[in-house]
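Scroll down for the structure; my scribbles are underneath it.
Order of the sequence lines sets the chain letters (A, B, ...), proteins ahead of strands, with each chain counted from 1.
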Amino acid sequence: MTEQRFDPSQADGRWQRAWDEARCFEADSDSNRPKSYVLEMFPYPSGRIHIGHVRNYTMGDVLARYKRMTGHEVLHPMGWDAFGMPAENAAMEQGVHPAGWTYQNIATMKAQLKRLGFALDWSREIATCDPSYYGHEQALFLDMYEAGLVYRRQSAVNWDPVDQTVLANEQVVDGRGWRSGALVEKRQLNQWFLKITQFAQDLLGGLGTLEDWPEKVRLMQENWIGKSEGLQFRFDLTNGDTLDVYTTRPDTIFGASFVAVAPDHPLAEAVAQVNCDAAKFIEKCRAGGTTAAELETAEKLGFDTGIGAVHPFDPDKRLPVYIANFVLMDYGTGAIMAVPGHDQRDFEFATKYGLPIVRVVAASAEQADAPLTEAEAGDGVLVHSAILDGMTVPEAKRAVIAAAESQGWGEGKTVWRLRDWGVSRQRYWGTPIPFIHCGECGVVPVPKEQLPVTLPEDVDFSIPGNPLVRHPTWKHVDCPKCGGAAERETDTLDTFVNSSWYFLRFASQPADRPFDRDEVAKWLPVDQYIGGIEHAILHLLYARFWTRALKHIGKIDVAEPFRSLFTQGMVTHETYERKNPENGQPVYFGPGEIERSAEGAVLKADGDPVTIGRVIKMSKSKKNVVDPDDMVERYGADAVRWFMLSDSPPERDLPWSESGIEGCGRFVQRLWRLFSQYDDAATGEDRALQRKQHQTIAAAAEDIEALAFNKAVARVYEFTSAVEKAPPSATRSESIATLMLLASPMMPHLSEEAWHNAGFDGLVSEAEWPPVDPALLIEDEVTIAVQVKGKLRDTLTVAKGLPQVEVEALALASEKVQRALDGAEVRKVIVVPDRLVNIVA
RNA sequence: GCGGGUGUGGCGGAAUGGUAGACGCCGGGGACUUAAAAUCCCCUGAGCUUUGCUCGUGCCGGUUCGAGUCCGGCCACCCGCACCA
């Protein structure tokens with residue numbers, strides 16, 4: 001006899017232990033079933049699992065469990081993206097060691113994930129902060145160095161002069177250090193780079209093969225790589241020098257009214273040597289923000305160097321050369337020809353400094369003198385452009401490039417927006433870069449047999465700066481080449497490096513090398529990768545680059561790491577706030593502190609109302625967070641999982657609500673009551689229910705494979721209602737068993753318990769997805785909409801496949817149709833078979 | 001600023017160019033109960049002159065027999081912008 005209510009507090013743990021004991025989620029690479037590699041982006045161990053993680057991993061889990069039920073050998077691993085700044089911040093703020101803090105968090109979060117019943121292969125767990133992981137990363141980095149994919153050069157960092165520390169962009173607030181409040185300076189340091197640009201064309205071309213990636217992500221990457229074809233050419237300057245500029249619009253060369261260089265361009269620096277106003281201007285630019293967003297939103301500012309540039313088509317024409325804050329040194333040559341008529345940035349600059357704005361492209365020759373109120377980037381024909389007049393934009397581009405090449409002052413050139421990847425971080429909690437600096441031999445790689453270069457444990461975070469630099473002994477080593485005194489590299493690798501190959505390490509974990517080539521060949525590519533849209537560009541591009549780099553140096557034979565990608569939305573929640581009467585700043589309250597009703601919300605503490613604010617991404621600062629553990633404790637893992645899948649399409653944001661999770665808890669119990677009605681002694685057929693059953697199996701499978709979990713959930717609801725209403729029969733019992741199977745990827749604990757109680761053998765987690773009888777999918781009647789002039793007037797229920805003429809006759813015979821027609825003459829009748837009739841009068 | 005996305009009832013959403021609002025939440029009514037919880041049933045886009053009609057998918061316009069869906073232009077919000085992960 002089964003209990004009245006399903007009790008997750010004891011059932012969840014029992015089945016989780018049963019899965020562990022059966023080791024049913026460990027991937028067997030010797031299996032001859034078709035493989036399926038399901039991977040969710042691994043989490044940063046920040047402390048506790050966030051509800052957003054729960055959503056991400058629930059989606060992957062449903063797919064992994066479904067794939068296992070449909071006969072696949074599934075690899076569904078989990079690990080920890082364990083290096084990063086928060087551990088160092090915790091060390092500084094709480095006096096804990098980054099390693100201790102990180103491993104403690106991992107233990108906590110692992111227990112939380114276990115409580116949710118995810119079908120993960122924990123035998124392959126990795127933490128990137130473990131030397132057994134990052135040691136192999138160091139080896140791969142050295143391999144890339146040997147292959148010429150790693151180099152060093154000067155590059156700017158944000159320097160906090162008070163804390164004597166390099167700051168990340170997010171640590172710079174309004175141009176000041178977040179801790180010290182000091183004005184941040186740009187400082188040049190020698191840093192390590194990976195040559196991602198060597199693969200620019202391949203990374204771009206590869207996007208075309210990624211059919212199962214969202215179009216938007218491919219577009220974003222394409223724009224990020226930013227291939228552009230244009231003209232690089234040389235201006236002769238009035239001071240006797242020359243200046244190389246790059247333009248994607250050589251056709252507009254007659255519209256150029258000035259030339260601009262980046263503040264850190266050599267020409268700008270040369271001018272600053274002799275002109276202190278220029279030096280001050282450059283100083284001002286350096287004090288500003290470093291990010292592209294800040295540069296481009298800042299007011300356009302320039303400094304006239306007094307130098308003139310000779311127009312290549314008109315030796316008498318001189319263009320003033322400016323230093324301008326909106327020109328980027330990293331793109332092209334760091335210098336541009338500015339065409340205000342056809343580039344909005346140039347337009348704003350020209351307006352501000354009173355420079356000429358000339359139209360050189362118009363819709364037609366007659367429009368040559370149409371006034372410009374903003375820059376026009378559209379197509380048209382060339383005007384006011386001497387020899388180019390009348391040409392189209394593409395013709396003029398070709399003509400100018402041809403002229404430059406034949407006259408020897410420039411050449412057509414492909415330029416990429418993509419820049420090489422700076423991987424140096426002046427921080428402790430990361431992978432040590434395995435190099436040694438020797439006064440005699442220069443930069444020397446650490447010999448492979450000396451890997452891993454591990455982090456020293458005795459470090460002091462009470463003072464700012466990189467502890468590796470000031471550690472008493474760690475960096476002092478003998479040069480591997482000459483044996484003389486030398487120093488270790490104290491920079492560590494960007495944490496994006498850790499996440500650029502972890503999916504390979506999951507496939508196999510040999511101790512003596514990063515991965516096994518055959519195992520990688522067996523499991524890769526990842527069949528379904530799931531993560532947040534915020535990783536659309538950087539992480540995914542870096543992982544694609546590492547895959548190419550490792551293939552290039554002969555380590556693997558994988559073209560693309562992720563065959564199919566899915567980007568899920570965020571979990572959001574209402575905010576509850578009051579205005580602080582003293583400063584007008586909002587004071588936030590957590591969901592646990594308030595009492596929510598249909599009328600509004602009141603604070604439990606004082607019973608007075610609070611304002612219900614916008615529904616936004618959960619964040620600690622807004623206190624609109626819920627803790628997954630609390631929810632699992634109150635409603636059980638299955639209700640939480642069900643909520644994560646319900647309602648919102650997975651690619652969109654999911655608003656968490658208390659009433660929503662309560663509804664899910666109720667549905668778990670409702671299913672439980674239905675499951676307990678399973679009776680293998682029942683007899684009799686129920687054709688309609690049988691039809692519904694098979695339609696539901698097919699539709700749910702289709703929905704899960706399309707990751708449309710919200711639709712699969714709706715199918716289960718619908719089918720549940722149908723089974724509940726059906727009178728007892730063998731079909732009904734069969735339907736109940738089917739429902740256990742359909743629900744099992746989403747609500748595995750409930751399903752295991754019910755499966756067991758119904759007397760079935762084995763675990764439902766190892767059962768097969770129920771087969772579909774195609775004959776039962778077809779309906780024999782259809783409902784046809786009848787429209788008059790596009791408006792619905794009636795519906796008809798007819799046999800499926802009824803000939804068009806008969807449908808038309810039935811529609812015209814309808815009383816409602818005749819009334820709507822009101823005697824008007826029928827001009828045309830459109831019949832869509834089995835769907836609709838539209839009568840046009 | 002640039003690149004990418006999203007917008008449908010009170011709320012989350014469904015809908016191969018073909019019946020807009022499936023399914024769920026909230027709310028309302030009823031049954032059961034001494035009562036409550038739990039459960040079950042019914043109703044639930046707006047308006048109107050209610051056998052039915054009109055309006056309605058962010059806003060403005062277009063294509064079509066027919067537009068939530070396609071095209072053009074706007075608006076709002078979200079994501080990314082290279083040292084957050």
Side-chain angles (χ1 to χ4, degrees), chain A residues 4-5 41 43-44 46 81 83-86 157-158 166-172 191 214-217 219-224 226 290-298 300 326 330 344-345 348 417-427 494-496 498-499 532-539 541-542 567 569-570 572 597-598 614-617 646-649 651-655 657 659-664 666-667 669-670 673 710-711 713-718 721 724 783-787 789-795 816 819 827-830 832 835-841:
Chain A
Q4 282 300 292
R5 286 180 66 79
M41 290 177 186
Y44 178 78
S46 56
D81 189 10
F83 274 136
M85 286 201 308
V157 293
N158 297 311
V166 176
L167 298 176
N169 283 338
E170 73 157 14
Q171 296 175 320
V172 179
Q191 306 201 68
E215 180 65 29
K216 61 179 173 182
V217 176
L219 248 178
M220 280 192 258
Q221 292 214 352
E222 183 180 330
N223 291 332
W224 186 263
T290 49
T291 69
E294 284 171 314
L295 285 175
E296 286 175 38
T297 45
K300 309 274 176 290
F326 67 93
D330 291 314
Q344 190 57 29
R345 289 165 303 183
E348 286 169 31
R417 208 185 77 97
L418 183 68
R419 309 198 297 258
D420 276 339
W421 176 13
V423 293
S424 277
R425 296 294 181 270
Q426 295 70 34
R427 281 178 225 295
D494 180 6
T495 56
F496 270 126
N498 308 143
S499 54
I533 185 68
E534 66 272 22
H535 295 293
I537 296 176
L538 291 180
H539 161 59
L541 195 64
Y542 292 149
T567 55
M570 299 177 301
T572 58
S597 70
R614 291 197 308 138
V615 177
I616 54 171
K617 177 179 181 172
S646 301
D647 295 351
S648 286
E651 68 277 12
R652 269 201 242 167
D653 290 351
L654 168 70
S657 76
S659 56
I661 182 70
E662 278 168 16
C664 292
R666 281 196 298 272
F667 184 65
Q669 298 301 335
R670 183 176 155 202
R673 287 190 298 274
N710 58 319
K711 293 200 244 173
V713 162
R715 309 278 185 200
V716 171
Y717 272 120
E718 225 173 321
S721 297
E724 282 172 338
T783 305
I784 289 182
V786 183
Q787 298 179 336
K789 288 182 279 187
K791 282 192 176 162
L792 183 74
R793 296 299 171 185
D794 201 0
T795 56
K816 289 171 182 170
R819 202 183 321 130
R827 292 206 320 243
K828 191 175 172 188
V829 179
I830 289 148
V832 181
R835 290 213 75 127
L836 157 147
V837 179
N838 188 10
I839 298 160
V840 186

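Phosphate proximity of rC83(B) to Arg425(A): present, with a side-chain N or O under 4.0 Å from OP1 or OP2. Using a 4.0 Å cut-off, some side-chain N or O of Arg652(A) falls inside it from OP1 or OP2 of rG13(B). Look at Thr795(A) and you won't find any side-chain N or O under 4.0 angstrom from OP1 or OP2 of rU19(B). Considering only side-chain N and O atoms, Lys711(A) lies under 4.0 angstrom from the phosphate OP1 or OP2 of rA15(B). Considering only side-chain N and O atoms, Asn223(A) lies nowhere under 4.0 angstrom from the phosphate OP1 or OP2 of rC2(B). When the side-chain nitrogen and oxygen atoms of Lys789(A) are compared with OP1 and OP2 of rU64(B), none of them lie within a distance under 4.0 Å. Distances shorter than 4.0 Å separate none of the side-chain N or O atoms of Arg417(A) from OP1 or OP2 on rC2(B).
Base pairing of rU69(B) is not made with any nucleotide, judged by Watson-Crick or G-U wobble geometry with both donor-acceptor distances under 3.5 Å. Both distances falling under 3.5 Å, in either a Watson-Crick or a G-U wobble arrangement, place rC77(B) opposite rG5(B). With both pairing distances under 3.5 Å, rU54(B) is matched to rA46(B) as a Watson-Crick or G-U wobble pair. Under the Watson-Crick or G-U wobble criterion, with both distances below 3.5 Å, rC32(B) is left unpaired in every strand shown. Using the Watson-Crick or G-U wobble rule with both distances under 3.5 Å, rC23(B) pairs with rG12(B).
Anti is the classification of rG61(B), since its glycosidic angle lies more than 90° from 0.
Side-chain atoms of Ser721(A) and Arg670(A) include a donor-acceptor pair closer than 3.5 Å.
Donor-acceptor pairing under 3.5 Å, judged by distance alone, is present between the side chain of Arg427(A) and the base of rC83(B).
Each of Ser646(A) and Glu348(A) has a nearest nucleotide on RNA chain B; the 5'-most of these lies closest to Glu348(A). Between Leu792(A) and Ile830(A), the residue whose closest nucleotide on RNA chain B is further toward the 5' end is Leu792(A).
Rounding to the nearest 0.5 Å places CD1 of Ile537(A) at 6.0 Å from CE of Met220(A).
Residue contacts for Asp330(A): at a heavy-atom cut-off of 4.0 Å it reaches no nucleic acid atom on any strand shown. Across all strands, Val840(A) comes closer than 4.0 Å only to sugar-phosphate atoms, never to a base (heavy-atom distances). Across all strands shown, Val166(A) has heavy atoms under 4.0 Å from base atoms, whether or not it also approaches the sugar-phosphate. Within the nucleic acid shown, Ala536(A) has no heavy atom closer than 4.0 Å to any nucleic acid atom.
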Where do N or O atoms of nucleotides 40-44 of chain B meet protein N or O atoms at under 3.5 Å, pair by pair?
none

